[in-house]
Student: 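Let me give you the structure first, and then I'll get to my questions.
Whatever order the structure lists ligands and atoms in, that order sets their numbers, starting from 1.
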Amino acid sequence: MKLILLGAPGAGKGTHGAAIRDQYHLPIISTGDLIRKAIQSGTDLGEKVKSYVSAGQLVPDEIVINILKERLQQPDCQDGYILDGFPRTIAQARALEEMGIVIDRVIDLEVDDQSIVERLSGRLVCSACGASYHTKYSPPKEPNLCDNCKKPLSRRQDDEPATILERLRVYHEQTEPLKDYYEAQGKLRRVIGQEQVQDTTRLVLAAVASE
Ligand code: AMP
């Protein structure tokens with residue numbers, strides 16, 4: 001099965017993607033994670049893309065399509081995957097089709113802008129395992145330490161207030177049109193974010209299993 005998780009930054013793609021992964025044993029392919037890794041390792045690619053990420057802009061299609069193509073060649077992608085954060089433009093969606101990839105379902109996580117700002121401005125992440133916390137809604141057991149690996153937590157650089165607003169603007173302008181694109185193909189499943197994470201997860205898993 002090949003799935004796409006669509007939704008604004010902070011809509012919960014990582015959290016609900018993990019629930020799908022655990023149930024279906026599919027790898028999560030996050031272009032954001034691949035890009036952050038390239039930046040952290042200081043590769044040429046990382047140097048090329050870091051100014052886009054820190055400004056809250058999208059990395060140019062050609063670059064991110066190549067990053068994804070390379071990742072999908074790994075053996076763990078043979079039986080399917082969950083795409084988290086790709087595609088983010090119509091051109092990227094077309095690139096998937098040109099690669100001969102047939103997507104089964106697109107799960108669209110709907111969360112209003114005000115909640116997104118609140119979620120992202122309190123988000124803390126573990127740079128070791130990628131686990132995500134929120135200072136108010138899901139704090140770690142020990143202040144600033146990851147529950148899983150006990151490494152210090154930090155804020156993503158692009159979770160600064162001005163950058164959050166820019167990422168949201170870019171989402172509405174460039175990524176949201178993908179909803180109509182996949183709706184027209186009969187693949188879109190809308191999930192409205194609920195107050196309790198587990199309630200949203202239940203709806204997401206039902207949407208994945210739906211016809
Ligand atoms: P994310 O972790 O998915 O929020 O991605 C973090 C940042 O990486 C984004 O704000 C973009 O700058 C960049 N990025 C990730 N995925 C893509 C994509 N599919 N297209 C363009 N830029 C991307």
Student: Leu178, Leu109: one ILVMFWY side-chain cluster at the under-4.5 Å cut-off?
Tutor: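 Different hydrophobic clusters.
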Student: Please tabulate protein-ligand N/O pairs under 3.5 Å for ligand 1, atom names and distances to 0.1 Å.
Tutor:
{"residue": "ligand 1", "atom": "2 (O)", "partner": "Arg36", "partner atom": "NH1", "Å": "2.9"}
{"residue": "ligand 1", "atom": "2 (O)", "partner": "Arg36", "partner atom": "NH2", "Å": "3.0"}
{"residue": "ligand 1", "atom": "2 (O)", "partner": "Arg156", "partner atom": "NH1", "Å": "3.3"}
{"residue": "ligand 1", "atom": "2 (O)", "partner": "Arg156", "partner atom": "NH2", "Å": "3.3"}
{"residue": "ligand 1", "atom": "3 (O)", "partner": "Arg88", "partner atom": "NH1", "Å": "3.0"}
{"residue": "ligand 1", "atom": "3 (O)", "partner": "Arg88", "partner atom": "NH2", "Å": "3.2"}
{"residue": "ligand 1", "atom": "4 (O)", "partner": "Arg88", "partner atom": "NH2", "Å": "3.2"}
{"residue": "ligand 1", "atom": "4 (O)", "partner": "Arg156", "partner atom": "NH2", "Å": "3.1"}
{"residue": "ligand 1", "atom": "12 (O)", "partner": "Gln57", "partner atom": "O", "Å": "2.6"}
{"residue": "ligand 1", "atom": "16 (N)", "partner": "Thr31", "partner atom": "OG1", "Å": "2.8"}
{"residue": "ligand 1", "atom": "16 (N)", "partner": "Gly85", "partner atom": "O", "Å": "3.4"}
{"residue": "ligand 1", "atom": "16 (N)", "partner": "Arg88", "partner atom": "NH1", "Å": "2.9"}
{"residue": "ligand 1", "atom": "19 (N)", "partner": "Gly85", "partner atom": "O", "Å": "2.9"}
{"residue": "ligand 1", "atom": "19 (N)", "partner": "Gln92", "partner atom": "OE1", "Å": "2.9"}
{"residue": "ligand 1", "atom": "20 (N)", "partner": "Gln92", "partner atom": "NE2", "Å": "2.9"}
{"residue": "ligand 1", "atom": "22 (N)", "partner": "Val59", "partner atom": "N", "Å": "3.0"}

Student: Tell me the side chain to side chain donor-acceptor pair (under 3.5 Å) pairs involving residues 6-27, sequence neighbours left out?
Tutor: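 Matches after skipping sequence neighbours: His16-Thr201.
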Student: Would you say that more than 12 heavy atoms from the other residues, nucleotides or ligands in this model lie under 6.0 Å from the OH of Tyr52, or not?
Tutor: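 Result for OH/Tyr52: open.
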Student: Quick check for you: to the nearest 0.5 Å, what is the distance between Glu142 atom CD and Asp147 atom CG?
Tutor: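 Interatomic distance, Glu142 CD to Asp147 CG, rounded to 0.5 Å: 8.0 Å.
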Student: What pair of heavy atoms forms the shortest contact from Ala11 to Val111, and how long is it?
Tutor: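 So the two residues come closest at O-CG2, 3.8 Å.
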Student: Would you say Leu6 and Met1 are hydrophobically clustered, going by side-chain heavy atoms of ILVMFWY under 4.5 Å?
Tutor: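 Looking at the clustering, Met1 is in a separate group from Leu6.
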